[in-house]
Amino acid sequence: MTVLCIIWGILMILGGLSCMFTPLITFISAEYLVVILVAVFGIFGLIRGIAAKRFEVTFFFSIVSIVFGLAVFFFPQFFVLTSGILIYLLAFWFVLLGVTTVYNSIAVGKASGSGMWILQLIVGILVILFGCYAFVHPTLFAASIAGTLGFLLGLSFVVTGFTMVFAPLTKSGK
């Protein structure tokens, strides 16, 4: 599970970078990307939590991610009707992802004693700040909602990839 989680994490980072550099194309396929993003993150978190018998913040965030992904998958009109609201939902998801990343970084620091947790802590804090700013000014990186949404989805993939790469270092990842 550890190797698979790291491989998926690296693929998510690479895919996210690709999405960030092509935000309009990303927006066109956003519905599918949201489902992939939250489903992969949620399923891996659920499996890790059940395998380690640890039902903490990450486990419950995984369940929320799966429910959000299933809502977009089974109700495609949700995406079409609420594309403007989806930016705010992603901003909220960023804040939650940042909080769980900070929580996991502290767990990595306690479990490993190495300094690797500091990078994850910094990423978590930046994601929280970005999510908060996205609530206030959703058109941060592009002149259009489509470009912003594409960039946010790419960034979501990158952050989720980092979380998946660092997950095996936490106690719940073992």
Side-chain angles (χ1 to χ4, degrees), residues 1-49 51 57-59 61-62 64-66 68-69 72-73 86-87 89-109 111-112 114-134 140-142 146-174:
M1 180 69 179
T2 299
V3 174
L4 184 61
C5 194
I6 291 171
I7 290 171
W8 267 103
I10 291 170
L11 289 174
M12 298 275 288
I13 291 168
L14 294 174
L17 290 173
S18 172
C19 290
M20 287 170 67
F21 290 113
T22 58
L24 293 176
I25 294 171
T26 301
F27 176 74
I28 293 169
S29 57
E31 176 183 337
Y32 303 108
L33 293 173
V34 168
V35 170
I36 291 168
L37 172 70
V38 296
V40 168
F41 181 82
I43 290 170
F44 272 97
L46 202 64
I47 291 170
R48 274 194 327 269
V57 174
T58 306
F59 181 79
F61 183 63
S62 298
V64 170
S65 294
I66 292 171
F68 180 64
V72 173
F73 180 73
L86 192 58
I87 290 176
L89 290 174
L90 278 173
F92 179 70
W93 191 77
F94 266 121
V95 171
L96 289 178
L97 181 61
V99 168
T100 58
T101 303
V102 167
Y103 177 81
N104 286 336
S105 71
I106 294 169
V108 167
S112 68
S114 71
M116 286 188 70
W117 67 277
I118 294 173
L119 176 63
Q120 191 175 9
L121 178 70
I122 292 169
V123 168
I125 291 170
L126 290 174
V127 169
I128 291 170
L129 293 173
F130 184 80
C132 291
Y133 191 77
L140 172 65
F141 288 106
T148 302
L149 185 59
F151 185 85
L152 287 175
L153 283 172
L155 188 61
S156 297
F157 270 83
V158 171
V159 171
T160 303
F162 274 113
T163 302
M164 291 177 71
V165 167
F166 285 115
L169 300 175
T170 63
K171 289 183 181 180
S172 64
K174 291 183 180 178

| message | Could you work out, with ring pair (Phe, Tyr, Trp, His ring centres under 6.0 Å) as the rule, every residue matching Phe94, not counting sequence neighbours? | response | Phe130
| remark: d(Leu126 CG, Leu121 CG) to nearest 0.5 Å is 9.5 Å
| query | Any side-chain heavy atom of Val159 within less than 4.5 Å of one from Leu97? | reply | yes
| said: Using the side-chain contact (heavy atoms from CB on, under 4.5 Å) criterion, which residues pair with Ile128? Sequence neighbours excluded. | reply: Val99, Val102, Cys132
| task | Not counting sequence neighbours, which residues clear side-chain contact (heavy atoms from CB on, under 4.5 Å) with Leu46? List them please. | result | Ile50, Phe59, Ile63, Ile66
| request: Not counting sequence neighbours, which residues clear side-chain contact (heavy atoms from CB on, under 4.5 Å) with Ile10? List them please. | output: Ile6, Leu14, Val165
| query | Mind checking what makes side chain to side chain donor-acceptor pair (under 3.5 Å) contact with Ser65, not counting sequence neighbours? | reply | Trp93
| Mind checking what makes side-chain contact (heavy atoms from CB on, under 4.5 Å) contact with Val158, not counting sequence neighbours? | Leu17, Met20, Phe162
| note | Shortest non-hydrogen pair, Gly154 vs Cys19, comes out as CA-CB, 3.5 Å
